[in-house]
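Reading through the structure tokens given below for one structure.
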Amino acid sequence: MRNLPWAVRINAGFAAGSRLVIQMANLSIATKCCVVGGGPAGMMLGFLLARAGVEVVVLEKHADFFRDFRGDTVHPSTLELMYELGLLDKFLALPHSKVDRLTMQVGDELLTVDFSHLPTKCKFIALMPQWDFLNFLAEQGKHYGTFLLKMRTEAIDLVKDGAGVVGVRANTPDGPLTIRADLVVGCDGRHSTLREQAGLHVDSLGAPMDVLWFRLSRKDRDSDQTMAHIEAGRMIVMLNRTDYWQCAYLIPKGGMEQVRNKGLPAFRQAVADLSPFVGDRVGEIRDWDDVKLLTVGVDRLRRWHVPGLLCIGDAAHVMSPIGGVGINLAVQDAVAAANVLAKPLLEGSVTADRLDEIQKRRLFPTRIVQIAQLMLQNRLIGPALESRGRLRAPLIVRLLQWPILRSIPGRLFGLGVRPEHIQTPGAART
């Protein structure tokens with residue numbers, strides 16, 4: 001065994017029963033499903049398929065999940081899935097903070113999104129670093145013998161046979177790797193390599209803003225509310241992360257250079273003007289390296305699949321950061337995909353109709369949430385960032401504060417339009 005090539009060594013620990021083929025130049029793995037991308041959609045899908053007994057390989061190009069300023073809002077819909085899986089107590093044992101309502105100040109008006117009425121076990125958003133969420137899913141997946149997570153493995157090309165996709169080619173620190181699979185699922189994010197190589201058409205829906213992310217320390221005397229404040233020409237969102245505020249300062253699309261040209265003192269003062277209670281801390285923004293630019297986009301694939309390939313999550317639909325729904329829509333996609341695909345993958349009978357079934361099920365809720373986000377972008381945020389006068393929330397936003405309508409925003413952003421439920425069986429853990 002010691003004399004076998006590196007190809008075997010990097011595959012140490014791969015599940016019993018998985019197929020390994022050694023070629024002259026590289027390693028080739030054959031599996032039922034290859035999931036490309038270790039984000040929320042990819043890790044949840046990999047875990048659920050392995051839990052159902054399906055042989056699955058998840059590829060993640062980075063060495064770990066530690067990337068700052070990612071979506072850290074785990075909504076009630078995702079917490080409900082953890083409850084259905086019997087993992088909620090273990091999940092909530094991870095460090096997190098709770099948000100049961102979101103408060104938005106628009107000019108002199110105060111608007112609230114309340115989650116306390118939702119028909120779920122957890123009536124709150126859990127603010128949790130995304131790396132903790134992904135590590136948790138990875139650990140759960142490793143309890144099943146059909147699960148393999150390969151870090152530092154970047155998919156660079158599709159393997160095609162005739163008109164269909166039959167696998168991917170990837171780079172690893174030890175050399176090239178080919179994964180042959182009955183189905184490839186692209187979960188490789190908003191800049192998806194797989195959707196581009198498959199020639200899937202993307203419709204860009206636009207966004208009038210970008211976001212500057214930074215941190216400020218939080219003091220005991222501060223409010224414990226997660227809040228947003230919009231004034232003419234500027235907007236800030238502050239997420240309570242217990243010992244610090246994670247701040248999102250919204251700027252007009254492509255406006256980063258203009259902000260920098262005004263200088264760091266002017267930026268600090270703008271933050272203090274919007275949130276006076278942190279005025280004594282804006283000096284913690286030491287230089288522009290402490291401020292990260294998130295380029296906001298909203299788009300959607302017209303078709304999510306070709307034979308042998310399905311795209312879900314950000315690879316199928318990029319969401320605006322409004323409402324923090326992105327990771328939760330991705331998780332919902334993964335659950336729907338697992339529910340539809342687990343049995344066909346086990347039986348070796350994944351058809352185009354099955355892939356189309358997933359798109360049809362998830363396209364409607366995706367459209368509805370994107371419509372709501374675009375309405376807020378185009379009728380509130382965009383005009384506010386361009387305004388120099390008195391600011392008021394649009395009439396439709398104010399109407400949603402009426403008691404009879406107040407539950408709608410919380411349900412839309414907390415649960416979504418078509419929340420998914422776990423239908424896949426649970427195989428024995430190893």
> Is there a ring pair (Phe, Tyr, Trp, His ring centres under 6.0 Å) between Trp245 and Phe277 once you walk through the steps?
Replying inline: CA-CA 12 Å; Trp245 292 102; Phe277 73 97; 5.7 Å; yes
> What residues, two or more places apart in sequence or in another chain, satisfy salt bridge (Lys or Arg N to Asp or Glu O under 4.0 Å) together with Glu357?
Replying inline: Arg354
> Can we say Asp333 and Arg361 salt-bridge, meaning some charged N sits less than 4.0 Å from an Asp/Glu carboxylate O?
Replying inline: no
> Checking Arg51 against Tyr144: charged group under 6.0 Å from the ring centre and within 45 degrees of the axis?
Replying inline: no
>> Do Lys61 and Arg152 make a side-chain contact, defined as non-hydrogen atoms from C-beta onward lying under 4.5 Å apart?
In response: no
> Can you name the residues that form a side chain to side chain contact (heavy atoms under 4.5 Å, CB included) with Pro119, not counting sequence neighbours?
Replying inline: Arg411, Leu415
>> Does atom NZ (Lys253) have a neighbourhood of more than 12 heavy atoms from anything else shown, all under 6.0 Å?
In response: yes
>> If the condition is salt bridge (Lys or Arg N to Asp or Glu O under 4.0 Å), which residues does Asp280 pass it with, not counting sequence neighbours?
In response: Lys219, Arg221
> Is the count of non-hydrogen atoms from other residues, nucleotides or ligands lying under 6.0 Å from Arg379 atom CZ greater than 12?
Replying inline: no
> Heavy-atom distance under 4.5 Å between the side chains of Leu274 and Val271, does that happen here?
Replying inline: no
> Going from CG on Asn339 to CD1 on Ile358, what distance comes out if it is rounded to the nearest 0.5 angstrom?
Replying inline: 9.5 Å
> In chain order, what residues pass the salt bridge (Lys or Arg N to Asp or Glu O under 4.0 Å) check against Lys90, with sequence neighbours excluded?
Replying inline: none
> Got Leu183 and Leu355 here, is their nearest side-chain heavy-atom distance under 4.5 Å?
Replying inline: yes
>> My understanding is that only one of Gln373, Gln370, Gln377 makes a side-chain hydrogen bond (donor to acceptor under 3.5 Å, both in side chains) with Ser320; could you say which?
In response: Gln377
> Is the closest basic N to carboxylate O distance between Arg215 and Asp290 below 4.0 Å?
Replying inline: no
>> So, using side chain to side chain contact (heavy atoms under 4.5 Å, CB included) as the criterion, who are the partners of Asn261 when residues are at least two apart?
In response: Glu257
>> Is any side-chain heavy atom of Thr103 closer than 4.5 Å to one of Leu111?
In response: no
>> Looking at Arg281 and Glu284, is any side-chain nitrogen of the basic one under 4.0 Å from a carboxylate oxygen of the acidic one?
In response: no
>> Can you confirm whether Val350 sits close enough to Leu341 that some side-chain heavy atom of one is under 4.5 Å from a side-chain heavy atom of the other?
In response: yes
> Which distance, rounded to the nearest 0.5 Å, do you find between the CE of Met128 and the NZ of Lys98?
Replying inline: 10.5 Å
> At what distance, to the nearest 0.5 angstrom, does CD1 of Ile125 lie from CG of Asp72?
Replying inline: 12.0 Å
>> Measuring only between side-chain heavy atoms, which start at C-beta, is Val335 closer than 4.5 Å to Leu81?
In response: yes
> What pairs meet the ring pair (Phe, Tyr, Trp, His ring centres under 6.0 Å) rule with one or both residues in residues 82-120, with sequence neighbours excluded?
Replying inline: Phe91-Phe133, Phe91-Phe136
>> Measuring only between side-chain heavy atoms, which start at C-beta, is Asp314 closer than 4.5 Å to Ser192?
In response: no
> Are any non-hydrogen side-chain atoms of Ile327 and Thr78 less than 4.5 angstrom apart?
Replying inline: no
> Does CZ in Arg241 sit with more than 12 non-hydrogen atoms of other residues, nucleotides or ligands closer than 6.0 Å?
Replying inline: yes
>> Tell me whether the rings of Trp304 and His317 are parallel (<30°), tilted (30 to 60°) or perpendicular (>60°).
In response: tilted
>> Between Phe214 and Lys292, is the side-chain contact (heavy atoms from CB on, under 4.5 Å) condition met? List the steps.
In response: CA-CA 7 Å; Phe214 57 95; Lys292 310 299 182 184; over 6 Å; no
>> So that I can tick it off, tell me whether Arg302 and Asp203 are bridged by a salt bridge, with the cut-off set at under 4.0 angstrom between side-chain N and carboxylate O.
In response: yes
